[in-house]
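Data block below; observations after.
Values reported hereafter were calculated over all heavy atoms of this structure, with side chains retained and with hydrogens, waters and symmetry mates removed. Ligands are counted one by one from 1 in listed order, and the atoms in each one are counted from 1 as well.
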Amino acid sequence: MKNLGQLLQHGHPHPDTEGLTIAHARGYELCGAICFGGMRPRAYGRLARLSGARPGDRVLDVGCGTGYLARRMARTVGPTGSVLGIDPSVEVIEYARGKTREAHCSYETGVAEGLTAPDASFDAVVISLAVHHLPEDLRPAAFQEMYRVLRPGGRLLVADFRPPRTRAVRHLVAASAGHVMADYRVDLLDGLVTEAGFEVRGRGGVRPWLRYVQGVRPERPQSGTAGTTA
Ligand SMILES: C[S@@+](CC[C@H](N)C(=O)[O-])C[C@H]1O[C@@H](n2cnc3c(N)ncnc32)[C@H](O)[C@@H]1O
């Protein structure tokens, strides 16, 4: 029997990426609402604050899915700012467009490991619940791309699923959502952030089950990191 993750994802490799892409936007939305147990608005409001974005900022939401965080970010930056959400899945991008009223919040298909935006074109980059959708070997390239498109001094917020610590509950997650989530090494986010050249400015948890890392692209690249060559 298929688990929830398999039901919501494309059943075959996506032509543009080896990442696990979401095919059923409505189903994903429903699961998001249920799995957060009513805490989604508060959790994503907190992510918007943790992103450090301010009114007037240009924000990129990588792996935006149905656009829940992108719309929240649009409220934060206001009409003088802009939010662009990118995701390889045409289905979620169309859903996100249909849900979004703010003219300064737009969407495009695209992949984290090969962003098409110019260098230094954003003040803040956010990525929520999408790193675990990328195969491990694509993750460093995705973080280098996020570094490249952020201006020096710009901020990165990465948030992802923190698997439960107790084995029994992890089994439950594996049975319902799959091993990609149950066995996800969220503790490796810090290394991905620093290896791309960011300075880590904060980390912590957001209830009910998110872990986040905040990074800043230094004004000058740190020697010995991927950012030196970006
Ligand atoms: C669990 S959803 C998270 C959506 C949204 N950020 C949120 O917080 O609800 C993960 C998203 O990552 C997207 N994804 C998969 N491969 C990707 C890639 N290579 N680049 C960017 N996004 C990708 C999927 O299509 C999916 O929409």
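For R97, the CZ atom is densely surrounded, since the number of other residues' heavy atoms within 6.0 Å is greater than 12.
Contacts between Y44 and ligand 1 below 4.0 angstrom, taking non-hydrogen atoms only, involve the side chain exclusively. Proximity of C64 to ligand 1, defined as any heavy-atom pair under 4.0 Å, is confined to the backbone N, CA, C and O atoms. Counting heavy atoms closer than 4.0 Å to ligand 1, residue L20 contributes backbone atoms (N, CA, C, O) but none from C-beta onward. Only the side chain of T17 comes within contact range of ligand 1, with a heavy atom under 4.0 Å; no backbone atom does.
Looking at L210, V173, V186 one by one, the single match for side chain to side chain contact (heavy atoms under 4.5 Å, CB included) with F161 turns out to be V173.
Of the protein's non-hydrogen atoms, Y28 OH, 3.3 Å is the one closest to atom 3 (C) of ligand 1. G63 O, 3.4 Å is the protein heavy atom nearest to atom 4 (C) of ligand 1. In terms of protein heavy atoms, atom 18 (C) of ligand 1 is closest to L134 CD2, 3.5 Å. At the shortest separation from atom 17 (C) of ligand 1 among protein heavy atoms lies P88 CG, 3.5 Å. In this structure, the protein non-hydrogen atom closest to atom 12 (O) of ligand 1 is A130 CB, 3.7 Å. Summary of contacts: the protein heavy atom closest to atom 10 (C) of ligand 1 is L129 O, 3.4 Å.
Remark: ligand 1 atoms within the under-4.0 Å shell around heavy atoms of E113 are 18 (C), 19 (N), 20 (N). Contact atoms of ligand 1 toward S128: 3 (C), 5 (C), 6 (N), 7 (C), 8 (O) (distance under 4.0 Å to a heavy atom of the residue). Close contacts of ligand 1 with D87, meaning ligand atoms under 4.0 Å from a residue heavy atom, involve 11 (C), 12 (O), 13 (C), 24 (C), 25 (O), 26 (C), 27 (O). With ligand atoms numbered from 1 in the order given, ligand 1 contributes 4 (C), 27 (O) to contacts under 4.0 Å with heavy atoms of G65. Annotation for ligand 1: atoms under 4.0 Å from non-hydrogen atoms of A112 are 18 (C), 20 (N), 21 (C). Within the listing of ligand 1, atoms 16 (N) sit less than 4.0 angstrom from a heavy atom of G19.
Side-chain atoms of T17 and E113 form a donor-acceptor pair, as typed in the model, at a separation below 3.5 Å. No hydrogens or angles considered: a donor-acceptor pair under 3.5 Å links the side chains of H10 and T21.
Taking the side chain as every heavy atom from C-beta outward, W209 and P163 never approach each other to under 4.5 Å. Contact of the R151 side chain with the F122 side chain is not registered, since no non-hydrogen atoms from C-beta on lie closer than 4.5 Å. Within the 4.5 Å cutoff, no side-chain heavy atoms of S106 are placed close to those of V83.
The two residues G197 and P218 come nearest to each other via the heavy atoms O-CD, 3.2 Å.
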Give the C-alpha distance, both sets of side-chain angles, the deciding distance and a yes or no for side chain to side chain donor-acceptor pair (under 3.5 Å) between E91 and S89. CA-CA 5 Å; E91 290 86 347; S89 164; 3.2 Å; yes
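Note: F36 and Y44 have perpendicular aromatic rings, judged against thresholds of 30 and 60 degrees for the angle between ring planes.
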